[in-house]
Amino acid sequence: MDAQFRARHSYLTDDQWTKFTGFFQRMEVPAKTVLLREGEISTKAFVIEKGSLRVWFDNKGRDTTFQFFFEGQGISSLESFKKNIPSFFTIETLEPCIIYRIQKKDLEYIIAEIEKLPNYNNQLLEFLFERQFYYMKEFLSFVRDTPEERYQRLITERPHIVQRVPQQYIASYLGITSVSLSRIKARLAKKMKVKESET
């Protein structure tokens with residue numbers, strides 16, 4: 001695993017690091033690979049070394065994207081993984097990816113072992129599922145803000161999504177059609193030109 005992941009878990013000695021990372025299986029997978037399908041029970045967690053993933057669900061026959069994940073992030077279907085219930089969503093790669101996969105039983109063993117360490121305070125579990133704690137914030141934005149406001153926030157706060165994710169998935173994430181997103185982009189570009197002409 002890369003240096004960034006190692007740095008986040010500096011509470012482990014080199015021997016512990018070697019032992020525990022040995023449970024992770026490195027995988028190279030092409031774009032549009034489904035890692036977990038909606039309705040399946042999650043028995044694995046993933047860490048992304050390279051590439052991007054999206055999380056989506058079937059909304060009455062319509063593919064609805066609600067999260068994106070990138071390098072250095074961990075992902076699983078948290079409720080399914082912890083409670084042995086069907087996943088509410090599908091996890092799929094957007095780009096060719098290098099990921100590390102760990103089985104639930106192995107992760108549970110690692111957690112049990114490192115919980116014994118005096119300087120451990122749930123860093124591993126928080127890392128593996130940290131992005132999913134943003135769900136409530138995303139939901140509130142969806143209810144409160146207009147699609148144009150959400151897109152502007154995306155440009156400001158998470159520009160890498162706009163740069164790397166295909167437009168149809170960004171539109172799905174914003175809850176609009178690709179045509180509506182094109183109109184928003186055109187309006188914003190027009191506003192930018194007006195501002196530039198005034199300066």
* To do: Just jot down the side chain to side chain contact (heavy atoms under 4.5 Å, CB included) partners of T33, sequence neighbours excluded, or say none.
  => V29, P30, L35, T93
* **Nearest heavy atoms of I170 and I161, plus distance in Å** => CD1-O, 3.8 Å
* Between atom CZ of F20 and atom CD1 of I102, what is the distance when rounded to the nearest 0.5 Å? -> 10.0 Å
* To do: List for me each residue that meets side chain to side chain contact (heavy atoms under 4.5 Å, CB included) alongside S180, sequence neighbours excluded, and say none if there are none.
  => I176, T177
* **Rounded distance (nearest 0.5 Å) linking atom CZ of F69 with atom CG of L53** => 8.0 Å
* Asked: Side-chain contact, heavy-atom cut-off 4.5 Å: I99 with V47?
  -> no
* Identify, with sequence neighbours excluded, every residue that meets salt bridge (charged side-chain N to carboxylate O under 4.0 Å, His left out) alongside K191. => E148
* Asked: Hey, is the main chain of W56 close enough, under 3.5 Å, to the side chain of T65 for a donor-acceptor pair?
  -> no
* Structure fact -> With sequence neighbours left out, the residues meeting ring-ring contact (aromatic ring centres under 6.0 Å, His included) with F23 are Y109
* Asked: Just how far is it from atom CG of N59 to atom CZ of R62, taken to the nearest 0.5 Å?
  -> 5.0 Å
* To do: Would you name the heavy atoms of S76 and F81 that are closest together and state the gap between them?
  => OG-CD1, 3.4 Å
* To do: Please test Y151 against L174 for side-chain contact (heavy atoms from CB on, under 4.5 Å), starting from the C-alpha separation and ending with a verdict.
  => CA-CA 7 Å; Y151 184 67; L174 296 173; 3.8 Å; yes
* Check the pair I91 / I75 against side-chain contact (heavy atoms from CB on, under 4.5 Å), numbers first and verdict last. => CA-CA 9 Å; I91 301 172; I75 179 175; 3.7 Å; yes
* Asked: Roughly how far, to the nearest 0.5 Å, is CG of L36 from CD1 of I41?
  -> 10.0 Å
* Structure fact -> Residues pairing under salt bridge (Lys or Arg N to Asp or Glu O under 4.0 Å) where one sits in residues 161-178, two or more places apart or in two chains, turn out to be E71-R164, E95-R164
* Asked: Does the gap between the ring centers of F66 and F57 come in under 6.0 Å?
  -> yes
* Please, which pairs that meet salt bridge (Lys or Arg N to Asp or Glu O under 4.0 Å) have at least one residue in residues 172-185, sequence neighbours excluded? -> none
* Asked: Can you list the residues that meet the salt bridge (charged side-chain N to carboxylate O under 4.0 Å, His left out) rule with D15, with sequence neighbours excluded?
  -> none
* For I98, check side chain to side chain contact (heavy atoms under 4.5 Å, CB included) against everything at least two apart and list the hits. => R26, E28, E49, K50
* Asked: Below 4.5 Å, heavy atoms only, C-beta onward: do R150 and T146 meet side chain to side chain?
  -> no
* Asked: What pairs meet the salt bridge (Lys or Arg N to Asp or Glu O under 4.0 Å) rule with one or both residues in residues 32-43, with sequence neighbours excluded?
  -> none
* **Non-hydrogen side-chain atoms of F89 and S77 separated by less than 4.5 Å** => yes
* **Distance-only donor-acceptor check, side chains S80 and S42, under 3.5 Å** => no
* **Interatomic distance, L181 atom CG to Q167 atom CD [nearest 0.5 angstrom]** => 4.0 Å
* With sequence neighbours excluded, residues passing ring-ring contact (aromatic ring centres under 6.0 Å, His included) with F70 -> H160
* Run the ring-ring contact (aromatic ring centres under 6.0 Å, His included) check on Y100 and F46 step by step: do they pass? -> CA-CA 5 Å; Y100 286 86; F46 305 93; over 10 Å; no
* Please name the pair of heavy atoms, one in S178 and one in Q168, separated by the smallest distance, quoted to 0.1 Å. => OG-CA, 3.5 Å
* To do: Under the side-chain contact (heavy atoms from CB on, under 4.5 Å) rule, what do L107 and Q103 come out as? Steps first, then yes or no, please.
  => CA-CA 6 Å; L107 181 58; Q103 300 288 339; over 6 Å; no
* With sequence neighbours excluded, what pairs up with R101 under the salt bridge (charged side-chain N to carboxylate O under 4.0 Å, His left out) test? -> none
* To do: State the CD-CZ distance between Q73 and F68, to the nearest 0.5 angstrom.
  => 12.0 Å
* Structure fact -> Applying salt bridge (charged side-chain N to carboxylate O under 4.0 Å, His left out) to D63 and not counting sequence neighbours gives R54
